[in-house]
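Read through the structure below, which is laid out as structure tokens, and then see the notes.
As a basis for the values below, the full set of heavy atoms in this structure was taken, side chains included, without hydrogen atoms, waters or symmetry mates.
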Amino acid sequence: MDKYVSIRLDRSLEKPLYVQVCESIIELIEKNILLPEEKLPPIRKLASLLDVNTVTIVNAYKLLEKQGYVVSRVGSGTYINPSILLNHQNLSKALSSQGVSLQKVSENPGVFNDSSPTPSNSALFDDISNVRSAIRYDFAGAAISPEFFPVEEFKEVLNEVLDRDRGYAFGYQESMGYAPLRKSISEFMASEYNITFSPEEIQVVSGAQQGIDIIAKAFLNYQDTVYVEGPTYTGAIDAFRSRGAKIVEIPLEPDGINIDEFRSKLKAKPPRLFYTMPNFHNPTGYSYSTQKKKELIALSREYDFLIVEDDHMNDLYFAEKPSPLKAMDDAGNVLYIKSFSKLFMPGLRLAFIASRKDFAVKIADAKYYSDISSSGLTQRAMDLFFRKSLWPGHARRMRKIFREKWQAMNGAIEEYIPPGINYKSPEGGLFFWMNLPQGYYSMNLYNAALNRGLFIMPGDFFYPDRRPSSGFRLSFAEIAPEDIEDGIKLLAETIEILFQEYKLNPLRGNNFRPLL
């Protein structure tokens, strides 16, 4: 405990105590006073030393883990994360080869996730262009390039709203959302997906991440059980953990979750919520079969749990148009979240939740206590965008653009990726999920790829316990079409080198997470 006596907390500051504790521990790490793999003190002991509540230390440790400085190991404790140093060194090599300094990165290490801005516009980096220049092939970014945004069309409807509504466009909206927009959404879902719900069953939210968070606030109590797919979207994990929920992972197969294991766990302990992305799943790109969708709906009725359906990419299909799970929901057990961010303009932060009326009241209350209402100007402009029938044309253009990139990915993977790598080509969305052979781990590949200017997302990051994974995600959201073949070819070469390097003694993995 001697290493922690230097920590001084100032209760006169507006900065919360847990943030002060977090920053003090970061300083000890950066000064090499706390070393890689060193165990942090038990929560009660550090709380006693610093004369704070144990909750303060819990929150400090959580913040440290979220920023990537520590890893928690169930039943063991919290440890300094050596991957921060390892990945710092790897990225430093990649950047230095381009003549770029890593000083600013080292001042703000953290973990990239899809709910945050991509590294190109994150506070993680102060020098955006220099950091990006070190990455030759970006298969990690999940945000569609701004060059594809319908700026001119949106400017037209925005100006029309300002001319029409003047100052009223900037007033507070009702908490459930701008009424004409909710009507437009209702009509859109009926015409595009044959799903009928009234405007009173729609809650406008500021992005899908807020939608997940609001549902967690409205329906979860401390220690409630939530089932998630494994792997899954890390922003959902964080939202459920913030409510103190117990997270149970259900293995995901190419056609949906393992139903037998799901049913077995239901018999032991049904969840309050089950979170799913049934179409073009993130990170795997998998889609549920019709049969598994039907079974999931039937099990939700039998065991009385709610399904949170995250529709983040249904409009970006390359083969058959997918049907949302909500279309089969005759009992009202599906809480349906649809985001327009991925395909439209992420900065607008616009999504909605559709649920039956009694649930909609609870969701509206949770939304009100979160931020009262979403941007009125954005909602009014989006309503006009729908009413002018501009969305279908934009969606068609996006499908054409990304179908070509998807075809390029398929062709390059089939030609260059070595045998032993398992994958299934998605039928829509932005992601391929690939699995290394048994005994090889994606974190090793991530480090090797980063050294060669190649950016991928290791699978560790998409599991609740951040365990070592053989899987990794490739995204074609941000990479230029002309770079896909060369990028996949370089990835294939990197995999071959990895195979040779660990052929006799494959690394068994660890709990490390990537810097980016």
Side-chain angles (χ1 to χ4, degrees), residues 110-125 128 131-132 135 137-149 207-212 229 231-239 252 275 277 279-287 310-318 337-351 398-399 401-403 405-406 408-409 423 425-434 442 446 449-450 454-463 469 471-481 483-484 487-488 491 513-516:
V111 179
F112 168 74
N113 68 64
D114 287 350
S115 65
S116 302
T118 58
S120 62
N121 54 17
S122 168
L124 183 62
F125 300 112
I128 297 171
V131 169
R132 271 302 190 197
I135 303 298
Y137 304 106
D138 185 354
F139 289 107
I144 289 174
S145 173
E147 67 181 294
F148 302 129
F149 297 164
Q209 181 63 42
Q210 188 189 55
I212 298 168
E229 297 152 337
T232 192
Y233 169 50
T234 186
I237 296 172
D238 291 340
L252 184 64
Y275 172 77
M277 289 173 279
N279 297 315
F280 316 142
H281 178 269
N282 178 16
T284 65
Y286 296 162
S287 293
D310 186 347
D311 172 4
H312 69 125
M313 203 69 72
N314 274 14
D315 297 295
L316 196 61
Y317 55 89
F318 308 132
I337 305 172
K338 184 172 182 63
S339 170
F340 299 105
S341 295
K342 290 293 184 188
L343 205 61
F344 197 51
M345 299 176 178
L348 292 180
R349 308 307 303 139
L350 194 63
M398 298 301 280
R399 285 194 291 272
I401 291 167
F402 284 93
R403 182 182 286 110
K405 296 176 76 171
W406 168 71
M409 287 284 289
Y423 76 97
S425 177
E427 296 180 346
L430 298 169
F431 309 124
F432 282 73
W433 181 256
M434 315 195 81
S442 59
Y446 162 82
L450 190 60
L454 187 66
F455 207 6
I456 65 172
M457 284 302 293
D460 307 35
F461 190 53
F462 299 101
Y463 289 91
S469 168
F472 60 96
R473 190 188 75 181
L474 296 180
S475 168
F476 53 95
E478 297 189 28
I479 190 165
D483 289 336
I484 288 175
I488 294 297
L491 175 63
R513 290 184 290 168
L515 172 66
L516 299 174

- Message: Can you confirm whether Trp406 sits close enough to Ser425 that some side-chain heavy atom of one is under 4.5 Å from a side-chain heavy atom of the other?
- Response: yes
- Message: Whether the side chain of His312 engages the backbone of Phe280 through a donor-acceptor N/O pair (distance < 3.5 Å, no angle test) should be reported.
- Response: yes
- Query: Taking the side chain as C-beta and beyond, is there a heavy-atom pair between Tyr275 and Ile212 under 4.5 Å?
  - Reply: yes
- Task: Return the minimal non-hydrogen interatomic distance between Phe472 and Pro458, and the atom names on each side.
- Result: CB-CA, 4.2 Å
- Could you tell me the separation between the NZ atom of Lys405 and the CG atom of Asp483, rounded to the nearest 0.5 Å? 9.5 Å
- Can you check whether Asn282 reaches Asp310 side chain to side chain, under 4.5 Å on heavy atoms? no
- Taking C-beta and beyond as the side chain, do Ile456 and Leu450 meet within less than 4.5 Å on heavy atoms? no
- Message: Which residues pass the side chain to side chain contact (heavy atoms under 4.5 Å, CB included) test with Pro283, not counting sequence neighbours?
- Response: Pro231, His281, Trp433, Phe462, Arg473
- Query: Which heavy atom of Leu430 sits nearest a heavy atom of Ala477, and at what distance?
  - Reply: CD1-CB, 3.8 Å
- Non-hydrogen atoms of Gly211 and Ile337 that approach each other most closely: C-CD1, 3.8 Å
- Query: Can you tell me how far the OH atom of Tyr137 sits from the CD1 atom of Ile484, to the nearest 0.5 Å?
  - Reply: 11.5 Å
- What pair of heavy atoms forms the shortest contact from Met398 to Leu316, and how long is it? O-CD1, 3.7 Å
- Task: Measure across Asp138 and Ile479 and return the closest heavy-atom pair with its distance rounded to 0.1 Å.
- Result: O-CB, 3.5 Å
- Query: Taking all non-hydrogen atoms of both residues, which atom of Gln209 and which atom of Ala239 are closest, and how far apart?
  - Reply: NE2-CB, 4.1 Å
- Message: With a 3.5 Å distance limit and no angle check, can you tell me whether Ser475 reaches the backbone of Gly141 through a side-chain donor-acceptor pair?
- Response: yes
- Note on the structure: The reported gap from CG in Asn279 to OG in Ser287 (rounded to nearest 0.5 angstrom) is 5.0 Å
- Item | Atom pair OH (Tyr463) and OG1 (Thr232), whose distance is rounded to the nearest 0.5 Å | 10.0 Å
- From CZ (Phe476) to CD1 (Ile144), nearest 0.5 Å: 9.5 Å
- Message: Please verify the inter-ring angle class for Phe402 with Phe148; under 30° counts as parallel, over 60° as perpendicular, anything in between as tilted.
- Response: perpendicular
- Would you check if Leu252 and Met277 make a side-chain contact, meaning some heavy-atom pair closer than 4.5 Å? no
- How many angstroms lie between atom OG of Ser339 and atom CG of Asp315, to the nearest 0.5 angstrom? 10.0 Å
- Message: Could you check whether any side-chain heavy atom of Phe455 comes within less than 4.5 Å of a side-chain heavy atom of Tyr446, counting everything from C-beta outward?
- Response: yes
- Over-ring placement of Arg399 relative to Tyr317, 6.0 Å and 45° cut-offs: yes
